Amino acid sequence: MALRTVAETDSTNDDMAALAEAGAAEGLWLRAERQRAGRGRQGRSWISPPGNLYASTLVRLGAGDPPPASLAFVTGVALHEALSAFAPGLALKWPNDILGGAAKLAGILLERRGAAVIIGCGANLAHHPDLPERPTTAIAALAGHAPDPDAVLHALAESFARWLGRWRGEGVAPVLARWQALAHAPGTALAAHLPDGTRIAGLYEGLEPDGALRLRLADGTRHVIHAADIFLVQD
Ligand SMILES: O=C(O)CCCC[C@@H]1SC[C@@H]2NC(=O)N[C@@H]21
């Protein structure tokens, strides 16, 4: 495990992609104190002032590895475990978010570069942005003070290495089991915005063996979702 910190960069995912291209080994993590052009999922920007965690690593895919998309669950479990040391009551939300209460606390961005996967983690420790599309929160708002980003990175790198080992050695099943144990409760009301523009609402019923999301619709039918933006429905 090697942890590096820089004061400022555009995006740690871009830097990690360049490091991967240059031959960097698995186990390397790069953290920036701030990012000038942090990126979120689906082309969104990730506002990155000092005080929060912005960190990326890489995984080199091997012949017998489980499907690369399932690294999102490895990372989600690791990030949840790392952040839970600093604030209670966190929950995973499909596909890549960590919630504090009903608000987004952290997100994960996976990007494929050839035989490598670049994995970026952004966690609101000290600050959280005001977003029109969803509520957000930070560890400081939940626990009264912000943890040191380096301490969080340490915990994250350790947990990630442990779960990556299990993913390689035992497959996706134990990772998905742990992910579901750390997720919001079954029966949570969710709204899904699908890539074709369709919106559906239903109750969370867990994950399929391949990591797809199961929703129970109001008419009793089950819907399996492979790609969507998911929102908690507040009553
Ligand atoms: O949209 C999301 O929820 C994913 C956010 C991922 C942000 C992190 S911060 C570190 C890494 N570098 C980036 O530019 N993005 C990721």
Side-chain angles (χ1 to χ4, degrees), residues 3-21 24 28-59 68-69 71-80 82-83 90-100 102-113 116-139 146-147 149-150 152-157 159-160 179 182-184 190 192-193 195 213 227-232:
L3 314 185
R4 282 188 207 162
T5 297
V6 296
E8 181 173 324
T9 191
D10 284 340
S11 159
T12 57
N13 260 34
D14 291 348
D15 293 348
M16 189 51 70
L19 288 164
E21 180 88 2
L28 175 63
W29 283 85
L30 177 70
R31 177 175 87 79
E33 287 170 7
R34 63 182 290 265
Q35 298 182 120
R36 290 180 293 261
R39 292 184 284 106
R41 292 177 63 239
Q42 300 176 335
R44 289 189 276 256
S45 64
W46 187 263
I47 301 162
S48 305
N52 291 342
L53 177 74
Y54 317 108
S56 301
T57 191
L58 81 156
V59 170
L71 286 167
F73 301 105
V74 172
T75 314
V77 165
L79 189 54
H80 185 294
L83 293 170
L90 307 184
L92 287 161
K93 179 178 73 63
W94 194 91
N96 287 0
D97 289 350
I98 294 183
L99 304 174
K104 178 161 172 166
L105 176 73
I108 295 162
L109 178 66
L110 262 68
E111 296 178 309
R112 182 80 184 260
R113 298 289 165 103
V117 179
I118 310 301
I119 299 173
C121 299
N124 301 329
L125 307 181
H127 318 284
H128 58 97
D130 274 333
L131 298 180
E133 68 270 19
R134 60 174 96 234
T136 63
T137 190
I139 298 277
D150 261 334
V152 179
L153 177 60
H154 235 96
L156 172 61
S159 180
F160 183 83
W179 192 98
L182 299 176
H184 51 66
L190 299 176
H193 297 188
L213 173 70
D229 241 2
I230 301 293
F231 298 83
L232 289 191

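The structure displayed is predicted, hence computed values, not measured ones. Each ligand, and each atom within it, is numbered from 1 in the order the structure gives.
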Engineer: Considering only heavy atoms of Ile108, which atoms of ligand 1 have at least one such atom less than 4.0 Å away?
Structural biologist: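 Once the distances to Ile108 are compared, the set is 3 (O), 4 (C).
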Engineer: Report the C-alpha distance between Leu125 and Val152 in whole Å, list the side-chain angles of each, state the deciding distance to 0.1 Å, and finish with yes or no for side-chain contact (heavy atoms from CB on, under 4.5 Å).
Structural biologist: CA-CA 9 Å; Leu125 307 181; Val152 179; 4.0 Å; yes
Engineer: Can you find a non-hydrogen atom of Thr12 under 4.0 Å from ligand 1?
Structural biologist: yes
Engineer: What is the minimum heavy-atom distance between Gln35 and Ser11, and which atoms define it?
Structural biologist: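 It is OE1-CA, 3.4 Å.
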Engineer: I'd like to check Cys121 versus Leu156 (side-chain heavy atoms, cut-off strictly below 4.5 Å). Are they in contact?
Structural biologist: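 Yes. Closest side-chain heavy atoms under 4.5 Å.
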Engineer: Is the contact between Ser48 and ligand 1 made by the side chain, the backbone, both, or neither, using heavy atoms and a 4.0 Å cut-off?
Structural biologist: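 It is neither; nothing of Ser48 touches ligand 1.
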Engineer: What atoms in ligand 1 come closer than 4.0 Å to a heavy atom of Gly38?
Structural biologist: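 Reading through ligand 1 atom by atom, the close ones are 14 (O).
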Engineer: Counting each atom of ligand 1 from 1 as listed, which ones have a heavy atom of Ser56 under 4.0 Å away?
Structural biologist: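 Those qualifying, in numeric order: 11 (C).
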Engineer: Hey, which atoms in ligand 1 end up nearer than 4.0 Å to a heavy atom of Arg41?
Structural biologist: 1 (O), 2 (C), 4 (C)
Engineer: Please answer whether the main-chain N or O of Pro129 pairs with a side-chain N or O of Thr136 as donor and acceptor at a distance below 3.5 Å.
Structural biologist: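 It does hold such a pair.
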Engineer: For ligand 1, note which part of Asp14 has a heavy atom under 4.0 Å away: side chain, backbone, both or neither.
Structural biologist: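 Answer for Asp14: neither.
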Engineer: Who are the salt bridge (Lys or Arg N to Asp or Glu O under 4.0 Å) partners of Asp14, not counting sequence neighbours?
Structural biologist: Arg39
Engineer: Any idea which of Gln35, Arg31, Arg36, Arg39 brings a heavy atom closest to atom 12 (N) of ligand 1?
Structural biologist: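 Going through Gln35, Arg31, Arg36, Arg39 one by one, Gln35 has the nearest heavy atom to atom 12 (N) of ligand 1.
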Engineer: Tell me, which protein residue and heavy-atom name are nearest atom 3 (O) of ligand 1, and how many Å apart are they?
Structural biologist: Lys104 NZ, 2.6 Å
Engineer: Which is it for Gln42 and ligand 1 at heavy atoms under 4.0 Å: side chain, backbone, both or neither?
Structural biologist: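 No part of Gln42 comes within reach of ligand 1.
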Engineer: Mind checking salt bridge (Lys or Arg N to Asp or Glu O under 4.0 Å) for Arg4 and listing every partner two or more places apart, or none if nothing turns up?
Structural biologist: none
Engineer: If you count the non-hydrogen atoms of other residues, nucleotides and ligands that lie under 6.0 Å from NE2 in His154, is the total more than 12?
Structural biologist: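 Counting neighbours around NE2 of His154, 12 or fewer heavy atoms of other residues, nucleotides or ligands fall under 6.0 Å, so no.
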Engineer: Quick one: does ligand 1 sit under 4.0 Å from the side chain of Ala55, the backbone, both or neither, non-hydrogen atoms only?
Structural biologist: backbone
Engineer: Name the closest protein heavy atom to atom 5 (C) of ligand 1, giving the residue it belongs to and the distance to 0.1 Å.
Structural biologist: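 Looking only at protein heavy atoms, the one closest to atom 5 (C) of ligand 1 is Trp46 CE3, 3.3 Å.
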Engineer: Against the six-membered ring of Phe231, is Arg134 placed for a cation-pi contact (under 6.0 Å from the centre, within 45° of the normal)?
Structural biologist: yes
